[in-house]
Asks: 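Take a look at the following structure, please.
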Amino acid sequence: MSQQYPGPQQPYQPYQGPTPYQPPPPKKGWSATAIVFTVIGGVFAFLIIIGIAVGGGVDDKGKTASDRTTAAPKVKAGAQEKDPDEALKDVQDESKKNRDDLQKQIDEEAEKDGRFGDGDYVVGEDVPPGTYTSKGAKAGLFEFCSVTTEPTSDSKFPQLKSANKDERIIITLTKADGVVTIQGCEPLTLRK
(Lines give C-alpha, C1' and ligand atoms only; values in the text may rest on other atoms or scores of the structure.)
Protein backbone atom coordinates (compact mmCIF):
# COMPACT_ATOMS: atom_id res chain seq x y z
CA MET A 1 0.00 0.00 0.00
CA SER A 2 1.18 3.33 -0.71
CA GLN A 3 1.09 6.27 1.51
CA GLN A 4 -0.34 9.48 0.31
CA TYR A 5 1.95 12.46 0.26
CA PRO A 6 0.37 15.41 2.08
CA GLY A 7 1.68 17.99 -0.33
CA PRO A 8 4.70 20.16 -0.79
CA GLN A 9 6.70 20.78 2.32
CA GLN A 10 8.56 23.85 3.36
CA PRO A 11 12.29 23.62 3.40
CA TYR A 12 13.81 23.25 6.86
CA GLN A 13 14.55 26.50 8.71
CA PRO A 14 16.25 26.42 12.05
CA TYR A 15 14.29 27.81 15.06
CA GLN A 16 15.18 31.44 15.70
CA GLY A 17 13.21 32.03 18.87
CA PRO A 18 10.24 34.34 19.40
CA THR A 19 10.04 37.37 17.18
CA PRO A 20 10.50 40.63 19.09
CA TYR A 21 7.44 42.87 19.51
CA GLN A 22 7.45 45.85 17.21
CA PRO A 23 4.96 48.57 18.09
CA PRO A 24 2.99 50.10 15.27
CA PRO A 25 4.52 53.25 13.80
CA PRO A 26 3.42 56.43 15.65
CA LYS A 27 0.56 58.42 14.24
CA LYS A 28 1.58 61.79 12.97
CA GLY A 29 0.07 64.63 15.02
CA TRP A 30 -0.12 68.33 14.36
CA SER A 31 3.14 70.15 14.05
CA ALA A 32 3.91 73.07 16.38
CA THR A 33 3.48 75.49 13.47
CA ALA A 34 0.03 74.13 12.68
CA ILE A 35 -1.00 74.49 16.33
CA VAL A 36 0.25 78.10 16.52
CA PHE A 37 -1.54 79.14 13.33
CA THR A 38 -4.74 77.43 14.45
CA VAL A 39 -4.70 79.27 17.80
CA ILE A 40 -3.97 82.63 16.13
CA GLY A 41 -6.74 82.02 13.59
CA GLY A 42 -9.16 81.13 16.38
CA VAL A 43 -8.34 84.29 18.33
CA PHE A 44 -8.71 86.40 15.19
CA ALA A 45 -12.09 84.82 14.39
CA PHE A 46 -13.21 85.37 18.00
CA LEU A 47 -12.28 89.07 17.83
CA ILE A 48 -14.17 89.49 14.56
CA ILE A 49 -17.27 87.86 16.06
CA ILE A 50 -17.05 90.09 19.16
CA GLY A 51 -16.63 93.18 16.96
CA ILE A 52 -19.71 92.30 14.95
CA ALA A 53 -21.71 91.51 18.08
CA VAL A 54 -20.82 94.83 19.68
CA GLY A 55 -21.93 96.69 16.59
CA GLY A 56 -18.70 97.23 14.78
CA GLY A 57 -20.24 96.32 11.44
CA VAL A 58 -21.05 98.70 8.61
CA ASP A 59 -24.59 100.06 8.34
CA ASP A 60 -26.54 100.52 5.12
CA LYS A 61 -25.13 104.05 4.68
CA GLY A 62 -21.54 102.76 4.74
CA LYS A 63 -20.73 104.12 8.22
CA THR A 64 -19.04 102.07 10.91
CA ALA A 65 -20.00 102.17 14.58
CA SER A 66 -17.10 104.51 15.38
CA ASP A 67 -18.27 106.92 12.65
CA ARG A 68 -21.77 106.89 14.10
CA THR A 69 -20.55 107.67 17.65
CA THR A 70 -18.14 110.45 16.71
CA ALA A 71 -20.69 112.26 14.58
CA ALA A 72 -22.88 113.09 17.59
CA PRO A 73 -25.51 115.76 17.19
CA LYS A 74 -24.88 119.23 18.59
CA VAL A 75 -26.60 120.08 21.86
CA LYS A 76 -28.09 123.50 22.41
CA ALA A 77 -26.98 125.19 25.60
CA GLY A 78 -28.99 128.35 25.91
CA ALA A 79 -28.71 130.38 22.72
CA GLN A 80 -25.51 128.72 21.50
CA GLU A 81 -24.82 125.21 20.27
CA LYS A 82 -22.34 123.07 22.20
CA ASP A 83 -20.65 119.84 21.18
CA PRO A 84 -21.14 117.05 23.79
CA ASP A 85 -17.37 116.52 23.95
CA GLU A 86 -16.86 120.19 24.78
CA ALA A 87 -19.60 120.06 27.42
CA LEU A 88 -17.94 117.02 29.01
CA LYS A 89 -14.55 118.75 28.93
CA ASP A 90 -16.06 121.82 30.64
CA VAL A 91 -17.52 119.64 33.41
CA GLN A 92 -14.19 117.82 33.87
CA ASP A 93 -12.28 121.13 34.00
CA GLU A 94 -14.70 122.51 36.59
CA SER A 95 -14.41 119.32 38.65
CA LYS A 96 -10.59 119.46 38.50
CA LYS A 97 -10.62 123.13 39.53
CA ASN A 98 -12.90 122.37 42.49
CA ARG A 99 -10.70 119.42 43.49
CA ASP A 100 -7.53 121.55 43.25
CA ASP A 101 -9.14 124.33 45.31
CA LEU A 102 -10.22 121.85 47.99
CA GLN A 103 -6.73 120.30 48.12
CA LYS A 104 -5.20 123.78 48.42
CA GLN A 105 -7.50 124.59 51.36
CA ILE A 106 -6.62 121.30 53.07
CA ASP A 107 -2.90 121.94 52.56
CA GLU A 108 -3.15 125.51 53.91
CA GLU A 109 -5.02 124.30 57.02
CA ALA A 110 -2.49 121.51 57.54
CA GLU A 111 0.44 123.93 57.23
CA LYS A 112 -1.17 126.20 59.84
CA ASP A 113 -1.34 123.19 62.17
CA GLY A 114 2.29 122.25 61.40
CA ARG A 115 1.26 119.23 59.28
CA PHE A 116 2.56 118.68 55.74
CA GLY A 117 0.95 116.24 53.28
CA ASP A 118 2.09 114.94 49.89
CA GLY A 119 4.16 117.37 47.87
CA ASP A 120 7.52 119.10 47.51
CA TYR A 121 8.57 121.62 50.17
CA VAL A 122 11.66 123.82 50.52
CA VAL A 123 13.09 123.46 54.02
CA GLY A 124 13.36 126.89 55.66
CA GLU A 125 10.75 128.47 53.35
CA ASP A 126 7.73 126.13 53.08
CA VAL A 127 8.66 123.88 56.00
CA PRO A 128 10.45 125.06 59.13
CA PRO A 129 13.59 123.08 60.09
CA GLY A 130 13.05 120.53 62.85
CA THR A 131 12.15 116.92 63.59
CA TYR A 132 8.99 115.57 61.99
CA THR A 133 6.94 112.40 62.47
CA SER A 134 4.35 110.62 60.36
CA LYS A 135 2.04 107.74 61.26
CA GLY A 136 3.05 105.94 58.03
CA ALA A 137 1.37 105.27 54.72
CA LYS A 138 -2.17 106.34 53.92
CA ALA A 139 -4.75 103.56 53.64
CA GLY A 140 -5.38 102.59 50.04
CA LEU A 141 -4.35 100.35 47.20
CA PHE A 142 -0.60 100.90 47.70
CA GLU A 143 0.04 101.33 51.40
CA PHE A 144 3.58 102.62 51.04
CA CYS A 145 5.02 106.07 51.63
CA SER A 146 8.35 107.78 51.32
CA VAL A 147 10.02 110.99 52.46
CA THR A 148 13.13 112.02 50.51
CA THR A 149 15.39 115.05 50.51
CA GLU A 150 17.46 116.74 47.81
CA PRO A 151 20.26 118.59 49.62
CA THR A 152 21.50 121.95 48.38
CA SER A 153 25.11 121.32 49.39
CA ASP A 154 27.51 118.57 48.36
CA SER A 155 28.49 117.93 51.98
CA LYS A 156 24.99 116.69 52.92
CA PHE A 157 23.75 113.26 51.82
CA PRO A 158 20.14 112.79 50.66
CA GLN A 159 17.77 111.18 53.14
CA LEU A 160 15.26 108.47 52.26
CA LYS A 161 12.68 107.28 54.75
CA SER A 162 9.95 104.82 53.78
CA ALA A 163 7.18 103.02 55.61
CA ASN A 164 4.12 100.85 55.20
CA LYS A 165 0.77 101.46 56.86
CA ASP A 166 1.04 101.90 60.63
CA GLU A 167 4.86 102.22 60.53
CA ARG A 168 6.05 105.51 61.97
CA ILE A 169 8.56 107.75 60.22
CA ILE A 170 10.84 110.18 62.07
CA ILE A 171 13.00 112.57 60.05
CA THR A 172 15.05 115.64 61.03
CA LEU A 173 15.19 118.41 58.42
CA THR A 174 17.68 121.28 58.20
CA LYS A 175 18.10 124.05 55.62
CA ALA A 176 20.94 122.04 54.07
CA ASP A 177 18.39 119.30 53.18
CA GLY A 178 17.02 121.61 50.47
CA VAL A 179 13.78 120.15 49.11
CA VAL A 180 11.80 117.48 50.93
CA THR A 181 9.38 115.31 48.93
CA ILE A 182 6.52 113.51 50.68
CA GLN A 183 4.62 110.75 48.79
CA GLY A 184 1.75 108.63 50.11
CA CYS A 185 2.30 109.41 53.79
CA GLU A 186 0.03 110.61 56.52
CA PRO A 187 0.95 114.27 57.07
CA LEU A 188 4.35 115.04 58.59
CA THR A 189 3.91 116.79 61.93
CA LEU A 190 6.55 118.95 63.59
CA ARG A 191 7.56 117.50 66.97
CA LYS A 192 7.53 119.96 69.84
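In this text, all values refer to a predicted model and were calculated from it rather than measured experimentally.
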Asks: Using the side-chain contact (heavy atoms from CB on, under 4.5 Å) criterion, which residues pair with Lys138? Sequence neighbours excluded.
Replies: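 Here the qualifying residues are Asp118, Glu186.
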Asks: Nearest heavy-atom pair of Ile169 and Cys185: which atoms, and what distance?
Replies: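 Of all heavy-atom pairs spanning Ile169 and Cys185, the closest is CD1-SG, 4.1 Å.
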Asks: Would you please name every residue forming a side-chain contact (heavy atoms from CB on, under 4.5 Å) with Ser95, sequence neighbours left out?
Replies: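 Arg99.
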Asks: Got a sec, which residues hit salt bridge (charged side-chain N to carboxylate O under 4.0 Å, His left out) with Lys96, two or more places apart in sequence or on another chain?
Replies: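 Partners of Lys96 by the salt bridge (charged side-chain N to carboxylate O under 4.0 Å, His left out) criterion, ordered by chain and then number, come out as Asp100.
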Asks: Kindly work out whether a path of hydrophobic side-chain contacts (I/L/V/M/F/W/Y, heavy atoms less than 4.5 Å apart) joins Leu190 to Val123.
Replies: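 Same hydrophobic cluster.
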Asks: Among residues two or more places apart or on two chains, list those pairs meeting side-chain hydrogen bond (donor to acceptor under 3.5 Å, both in side chains) that have a residue in residues 127-136.
Replies: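 Listed once each, the pairs are Thr131-Thr172.
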Asks: What pairs with Ala139 under side-chain contact (heavy atoms from CB on, under 4.5 Å), at least two apart in sequence or on another chain?
Replies: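 Expected list: Glu143, Lys165.
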Asks: The criterion is side-chain contact (heavy atoms from CB on, under 4.5 Å); which residues satisfy it with Val122, sequence neighbours excluded?
Replies: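 Checked Val122 against side-chain contact (heavy atoms from CB on, under 4.5 Å); matches are Glu125, Asp126, Val179.
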Asks: I need the full list of side-chain hydrogen bond (donor to acceptor under 3.5 Å, both in side chains) pairs touching residues 153-164, with sequence neighbours left out, sorted by first then second residue.
Replies: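 Residue pairs with at least one partner in residues 153-164: Ser153-Ser155, Gln159-Asp177.
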Asks: When clusters are formed from ILVMFWY side-chain contacts under 4.5 Å, directly or step by step, what else is grouped with Ile40?
Replies: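 Same cluster as Ile40: Val36.
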Asks: Find the distance between CG (Leu173) and OH (Tyr121) and round it off to the nearest 0.5 Å.
Replies: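 If we round to the nearest 0.5 Å, Leu173:CG and Tyr121:OH are 12.0 Å apart.
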Asks: Measure across Ala163 and Gly136 and return the closest heavy-atom pair with its distance rounded to 0.1 Å.
Replies: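 Shortest heavy-atom contact: CB-CA, 4.4 Å.
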Asks: Applying side chain to side chain donor-acceptor pair (under 3.5 Å), can you list everything that pairs with Thr181, at least two apart in sequence or on another chain?
Replies: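 For Thr181 the side chain to side chain donor-acceptor pair (under 3.5 Å) partners, ignoring immediate neighbours, are Asp120.
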Asks: Side-chain contact, heavy-atom cut-off 4.5 Å: Thr148 with Gln183?
Replies: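 Side chain of Thr148 against side chain of Gln183, heavy atoms only: no contact under 4.5 Å found.
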Asks: Just how far is it from atom CD1 of Ile182 to atom CG of Leu188, taken to the nearest 0.5 Å?
Replies: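 So the CD1 of Ile182 and the CG of Leu188 are separated by 4.0 Å.
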Asks: Any idea which heavy atoms bring Pro128 and Phe116 closest together, and the distance?
Replies: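 The answer is CD-CZ, 4.0 Å.
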Asks: Which heavy-atom pair separates Leu160 from Ser146 by the least distance, and what is that distance?
Replies: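 Scanning both residues, the minimum pair turns out to be CD1-CB, 4.4 Å.
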